[in-house]
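Taking it in order: structure first as structure tokens, then the write-up.
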Amino acid sequence: MTTITTQVAIIGGGPSGLLLSQLLNRAGVATVILERSSRERVLSRIRAGILEGGTVQLLHEAGVGARMDAEGIPHDGCNLADDETMVHIDFQALTGKQVMVYGQTEVTQDLYAAQDQQGTSILHEVTDVVISDLDQARSHVDFTHQGLRKRLECLYVAGCDGFHGVSRKTIPDEKRREFERVYPFGWLGILSETPPVSDELIYSNSRRGFALASMRNENLVRYYVQVPLSDKVEDWSDQRFWDEFARRIPSDAAERLVTGPSIEKSIAPLRSFVSEPLRWGNLFLVGDSAHIVPPTGAKGLNLAASDVHYLHGALVEAVMGKGTAGIDDYPARALARVWKAMRFSWQMTTMLHRFDGEDAFAEQMRKATLDHLAHSETARRDLAENYVGLPF
Ligand code: RFL
Ligand code: PHB
């Protein structure tokens, strides 16, 4: 069996794995990335759109900020609405901070380009990954690539393989504690080459259910509607989507709505999930492999970035023989931030969605929350502080 030696083996070539690898390489640490899908498939997934300031800064640190600076759109605020009210959350005035509209696809593409330049070995379409010897000085990752069984020998393993990956499951069941909330609805999202209905995002809690108007650039929109989990993409023609979306956003926005063919359409279930511990011997879980948030707070990709922030410097120190204090602290530092983003994402989800079978009390609570936001600068500042991202 071929054995490849490296310092840090990275399972998963999504944003977490690529960003961690890029930062480690720039600090002189060698990595190999194992990715289950082809590069084209990774780049075809349409996901996050909003980057916190801390994420933007970390991408600069990784040397991948140039295209983001040129093509990303800084946003100073967003809007929360119901059928009667629209509340503007002015991030800039309330916190002095902004967020950046720049798609996850673009971030991933920039990271692949940078990793190619570094000459990092990224093996695609890898299967049957088995992680072992995590309590030994040298750990191993066995896998199949191009029909051959191969072995990676390394000092540390980073589990960046998302919710369905193998890394988390390498930790024995009886040693893992999982916290989960599955929401009884999903988001149907479309991408369409049309101008945005509004300069800023609109999160709309209508009587017909939630809708979100987001964007990627001045001629590319990303719009979502809340749908029952039983719905299939095939149930939603473009016409049905546009009709429903127009009825769920504030009427003045609906009047400005420009429709067109969708170029992508998909349904994502909503879930809150945390798995502890984040460390098992020489294995560290990063990003969606350890935690999932519902997208209502735009936090998933940003949490992946904050995990990478905490871990990369700590791994550099450990690999360079400068001590293990950093990697020992990683789980506690990362989780403290993760749980606060969990709380915010859960609160935004509860505030903005209709739950099947809910009573009139739940509806009044949502109305009162929005009314409170409309009249209290303190409440708006609290929301803004969380939305732009708590400090790393
Ligand atoms: P990923 O992106 O899932 O990447 C994991 C990679 O690992 C590979 N993999 C394996 N490789 C080798 N061996 C195995 N056994 C493997 N199993 C899996 C996979 O092929 C994949 O390439 O996790 P990562 O890198 O941690 O990144 C996390 C983010 O992708 C995720 O948190 C965000 O997309 C969440 N999210 C949002 N986050 C934000 O910060 N802002 C947003 O506005 C936002 N909007 C969203 C979102 C997620 C959404 N969906 C579809 C869940 C909107 C949506 C609709
Ligand atoms: C997106 O643009 O895809 C997006 C924006 C904000 C969210 C979720 C998704 O909260």
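Source: prediction; values computed, not measured. All values below come from the heavy atoms of this structure, side chains included, with hydrogens, waters and symmetry mates left out. One-based numbering, in listed order, for ligands and for the atoms of each. Residue numbers run from 1 in the order of the sequence given.
Residue contacts with ligand 1, taken as heavy atom pairs separated by less than 4.0 Å, do not involve Leu303 at all. Only the side chain of Val129 comes within 4.0 Å of ligand 1, counting heavy atoms alone; its backbone N, CA, C and O stay farther away. At a heavy-atom cutoff of 4.0 Å, ligand 1 is contacted by the backbone of Cys160 but not by its side chain. Here Trp187 has side-chain heavy atoms under 4.0 Å from ligand 2, and that is the only part of it that gets that close. Only the side chain of Ser214 comes within 4.0 Å of ligand 2, counting heavy atoms alone; its backbone N, CA, C and O stay farther away. Contacts between Leu201 and ligand 2, counted as non-hydrogen atom pairs separated by less than 4.0 Å, involve the side chain only. Counting heavy atoms closer than 4.0 Å to ligand 1, residue Ser16 contributes atoms from both its backbone and its side chain. Proximity of Thr296 to ligand 2, defined as any heavy-atom pair under 4.0 Å, is confined to the backbone N, CA, C and O atoms.
Here the side chain of Thr350 pairs a donor or acceptor atom with the backbone of Trp346 at under 3.5 angstrom. At least one donor-acceptor pair closer than 3.5 Å links the side chain of Arg256 to the backbone N or O of Val197.
For atom 6 (C) of ligand 2, the closest non-hydrogen atom on the protein side is Tyr203 OH, 3.3 Å. Ranking the protein heavy atoms by distance from atom 18 (C) of ligand 1 puts Asp161 O, 3.1 Å first. Of the protein's heavy atoms, Tyr224 OH, 2.6 Å lies nearest to atom 3 (O) of ligand 2. When hydrogens are left out, the protein atom nearest atom 8 (C) of ligand 2 is Pro295 O, 3.4 Å; that is the closest non-hydrogen contact. Atom 40 (O) of ligand 1 has its closest protein heavy atom at Leu301 N, 2.7 Å. Nearest protein heavy-atom neighbour of atom 20 (O) of ligand 1: Glu35 OE2, 2.6 Å.
Residues Glu106 and Arg67 are paired through a salt bridge, judged by an N-O separation under 4.0 Å between the basic side chain and the carboxylate. One finds a salt bridge joining Arg208 and Glu244 here, because a Lys/Arg side-chain nitrogen approaches an Asp/Glu carboxylate oxygen to under 4.0 Å. With respect to Glu385 and Arg380, no salt bridge is recorded, no charged nitrogen being found less than 4.0 Å from a carboxylate O.
In terms of polar-atom proximity, defined here as any N/O pair under 3.5 Å, Arg36 does make such a contact with ligand 1. An N or O contact shorter than 3.5 Å links Gln104 to ligand 1 by distance. For Gly17, no nitrogen or oxygen atom sits less than 3.5 Å from a nitrogen or oxygen atom of ligand 1, counting backbone and side chain alike. Geometrically, ligand 1 and Gly300 share a nitrogen or oxygen pair separated by less than 3.5 Å.
Residue-ligand proximity, Arg222 to ligand 2, at heavy-atom distances under 4.0 Å covers atoms 3 (O). With ligand atoms numbered from 1 in the order given, ligand 1 contributes 26 (O) to contacts under 4.0 Å with heavy atoms of Gly287. Within ligand 2, counting atoms from 1 as listed, the ones closer than 4.0 Å to a heavy atom of Arg216 are 1 (C), 2 (O), 3 (O). Taking a cut-off of under 4.0 Å to the non-hydrogen atoms of Ser37, the atoms of ligand 1 that pass are 20 (O).
Heavy-atom separations between Met348 and ligand 2 are all 4.0 Å or longer. Residue contacts with ligand 1 include Tyr224, since one of its heavy atoms falls under 4.0 Å from the ligand. Residue Arg45 places a heavy atom less than 4.0 Å from ligand 1. Using a 4.0 Å heavy-atom cutoff, Gly189 is absent from the residues neighbouring ligand 1. Heavy atoms of Leu212 come nearer than 4.0 angstrom to ligand 2 in at least one pair.
Ring centroids of His353 and Tyr183 are separated by 6.0 Å or more, keeping the two rings apart. Aromatic pair Phe245/Tyr223: centroids less than 6.0 angstrom apart.
Looking only at atom types and distance, the side chain of Asp371 has no donor-acceptor partner in the side chain of Thr85 under 3.5 Å away. Checked by atom type, the side-chain pair Asn25/Gln115 shows a donor-acceptor distance below 3.5 Å. Inspection of the Glu35 and His124 side chains reveals no N or O donor paired with an N or O acceptor under 3.5 Å. Side-chain N/O atoms of Ser266 and Glu264 include a donor and acceptor closer than 3.5 Å. Residues Tyr224 and Arg222 have side chains that bring a donor and an acceptor to within less than 3.5 angstrom of each other.
With His291, Glu125, Arg47 as candidates, the residue nearest to atom 48 (C) of ligand 1 on a non-hydrogen basis is Arg47.
Cluster membership check: Tyr203 does not share its hydrophobic cluster with Ile249, using side-chain heavy-atom separations under 4.5 Å among Ile, Leu, Val, Met, Phe, Trp and Tyr.
Between Ile10 and Leu34, the closest side-chain pair of non-hydrogen atoms is not below 4.5 Å.
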- Task: Quick one: do Arg207 and Glu84 satisfy salt bridge (Lys or Arg N to Asp or Glu O under 4.0 Å)? Show the steps, please.
- Result: CA-CA 10 Å; Arg207 263 179 219 103; Glu84 283 116 44; 2.9 Å; yes
